[in-house]
Number of protein chains: 2
Amino acid sequence: MGPMPDPKRDTYHHGDLRHAIILSALEILDADGVDAVSIRAVARRAGVSHSAPANHFRDRGALLTALAVHLFHALNEKIESDFASAPSNLRERVQSFTRMLIDFGLKQPNRYRLLWRRDLLDDTDGQLQTEMDTLYDRLADEIHRVGVGKRFDRDTYAVALWSMVHGYVSLRLDGNLESRIDPRSGTKRQDAIIEAFLDAFAT
Amino acid sequence: MGPMPDPKRDTYHHGDLRHAIILSALEILDADGVDAVSIRAVARRAGVSHSAPANHFRDRGALLTALAVHLFHALNEKIESDFASAPSNLRERVQSFTRMLIDFGLKQPNRYRLLWRRDLLDDTDGQLQTEMDTLYDRLADEIHRVGVGKRFDRDTYAVALWSMVHGYVSLRLDGNLESRIDPRSGTKRQDAIIEAFLDAFAT
DNA sequence: TTGTCAATATGGACACTGTCTATTTACAAC
DNA sequence: GTTGTAAATAGACAGTGTCCATATTGACAA
């Protein structure tokens, strides 16, 4: 009804509000966590009315899902580009992969956490599924290439590694675990558990 | 102001509202997940005014923390009692322990999830810390008794197992993983990853 | 140039929520 | 009995997601 109350904009239509909203949401996510990412807060930061986002996102879930897709995509691209200059050693490739995931989680807690908050995201979103599958397939591929034991199915080893990585990051982010150097090997604990895993499972 | 609007109660004071609130909260948690556990919803179910719980719980975080303590305590007690009739074989003890944790998580998703929602709980609560430590110490104790490799610190193996268990349950609950039988060994996947872990790390 | 229509943006409204406040009730200790 | 305290009450406030009617814009057809 009222004409353009926002000083930062001289046109009624924003132009690329969808993108602007995602960026605003990301800033709020980084700063104050996912709980602070409300539609109204994002709209305020983007300088639009509280109901403008509804034109681009059905509800809060759709907004968070789009944000998650954005983050997954960036992560997958980074992994892909880092692997372009591929490490030679297959074990090092796995270590490199898991280190990327763990570092991402530890350095960007709010981003990492959002990626797995299925309760907040839209399970039926195709893009989200695609990005998640891409990440998982990459992990499974690397662990399979390095070779695993014969007692169990190949997927079992992939699931075991995936579980360990995700569980470790989750426990660290929740404050249930401290950053430590493994006193016997002198390596970081997050590297040690992966190394121990490879020691054990890799052929 | 108004005198006793609740038909289910004939005394102004409830008697043991604190306990009743925790039970109501648990029912709502089981039925609709933690998001549905609002102070007002719990109060409604307990048949008291929306602000009655404030006399027993500072805020929603305190309520959820008390609920988590309740659940942790019950879990720890069950584990302790199950271990009274202790399995003889040390490896079986570990398998028994992790199976209890994993089964608990898979059968009571909302309860399990709450236990690790540090963002919703009060980190500074002493009881909560105690219960969590009890659980972790039990796990670490069992994995240490079974014996682990020598390349890394003992805690590294405990953290690795803990991470794997927690990660597996988390992934399953989030729908990122399906219940499967390991086709090579014929055992459940959740048993297979633990068995593989023990194969590898245990001396 | 004009008209129409869909997309986009606006603000008001509603039912929730957590939390704060003042007030009432009940009980226990003096 | 009086008094004090714990435990309950209703009311209020700001914030939320979401729905709704309305206003604005730009593009495309006539």
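Just so it is clear, the model here is predicted, and its values are computed rather than measured.
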Whole-Å distance separating the [atom1] atom of [X] from the [atom2] atom of [N]:
{"X": "A:Asp35", "N": "C:dT17", "atom1": "CG", "atom2": "P", "value": "16 Å"}
{"X": "B:Phe57", "N": "D:dA8", "atom1": "CZ", "atom2": "C1'", "value": "15 Å"}
{"X": "B:Leu120", "N": "C:dG18", "atom1": "CG", "atom2": "C1'", "value": "14 Å"}
{"X": "A:Ile21", "N": "D:dG17", "atom1": "CD1", "atom2": "P", "value": "12 Å"}
{"X": "B:Ile39", "N": "D:dT9", "atom1": "CD1", "atom2": "C1'", "value": "16 Å"}
{"X": "A:Arg60", "N": "D:dG15", "atom1": "CZ", "atom2": "P", "value": "17 Å"}
{"X": "B:Arg40", "N": "D:dA10", "atom1": "CZ", "atom2": "P", "value": "11 Å"}
{"X": "A:Asp59", "N": "C:dA15", "atom1": "CG", "atom2": "P", "value": "20 Å"}

Is [X] close enough to [N] that one of its side-chain N or O atoms is under 4.0 Å from OP1 or OP2 there?
{"X": "A:Ser49", "N": "C:dA9", "value": "no"}
{"X": "A:Arg18", "N": "C:dA7", "value": "no"}
{"X": "B:His56", "N": "D:dA6", "value": "no"}

Checking ring pair (Phe, Tyr, Trp, His ring centres under 6.0 Å) against A:Trp162, which of A:Tyr168, A:Trp116, A:Tyr157 comes through?
->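 Considering A:Tyr168, A:Trp116, A:Tyr157, a ring pair (Phe, Tyr, Trp, His ring centres under 6.0 Å) with A:Trp162 is found only for A:Trp116.
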Is B:His50 side chain donor-acceptor paired with the D:dG11 base, going by distance under 3.5 Å alone?
->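 Donor-acceptor pair under 3.5 Å: yes.
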Base of C:dA9 paired with side chain of A:Asn55 (donor-acceptor, under 3.5 Å) |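 When only heavy-atom distances are counted, A:Asn55 does reach the base of C:dA9 through a donor-acceptor pair under 3.5 Å.
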With B:Asp155 as reference, evaluate A:Arg189, A:Arg180, A:Arg184 under the side-chain contact (heavy atoms from CB on, under 4.5 Å) test and give the passing residue.
->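 Among A:Arg189, A:Arg180, A:Arg184, the one meeting side-chain contact (heavy atoms from CB on, under 4.5 Å) with B:Asp155 is A:Arg189.
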Could you check A:Ile28, A:Ile22, A:Leu29 and say which one makes a side-chain contact (heavy atoms from CB on, under 4.5 Å) with A:Leu26?
->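 Only one of A:Ile28, A:Ile22, A:Leu29 forms a side-chain contact (heavy atoms from CB on, under 4.5 Å) with A:Leu26, namely A:Leu29.
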From D:dT9, C:dT17, C:dT10, pick the nucleotide closest to the side chain of B:Val48?
->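 The listed nucleotide nearest to B:Val48's side chain is D:dT9.
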Listed nucleotide nearest any side-chain atom of B:Ser38, set C:dT17, D:dT16, D:dA8 |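 Nearest listed nucleotide: C:dT17.
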Contact class for A:Ser51 vs. all strands (heavy atom < 4.0 Å): base, sugar-phosphate, or nothing?
->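 Base: the residue A:Ser51, judged by heavy atoms under 4.0 Å, touches a nucleobase.
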Salt bridge (Lys or Arg N to Asp or Glu O under 4.0 Å) against B:Asp191, all qualifying residues, sequence neighbours excluded |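 B:Arg99.
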Taking C-beta and beyond as the side chain, do A:Arg58 and A:Leu63 meet within less than 4.5 Å on heavy atoms?
->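 No, every pair of side-chain atoms sits at 4.5 Å or beyond.
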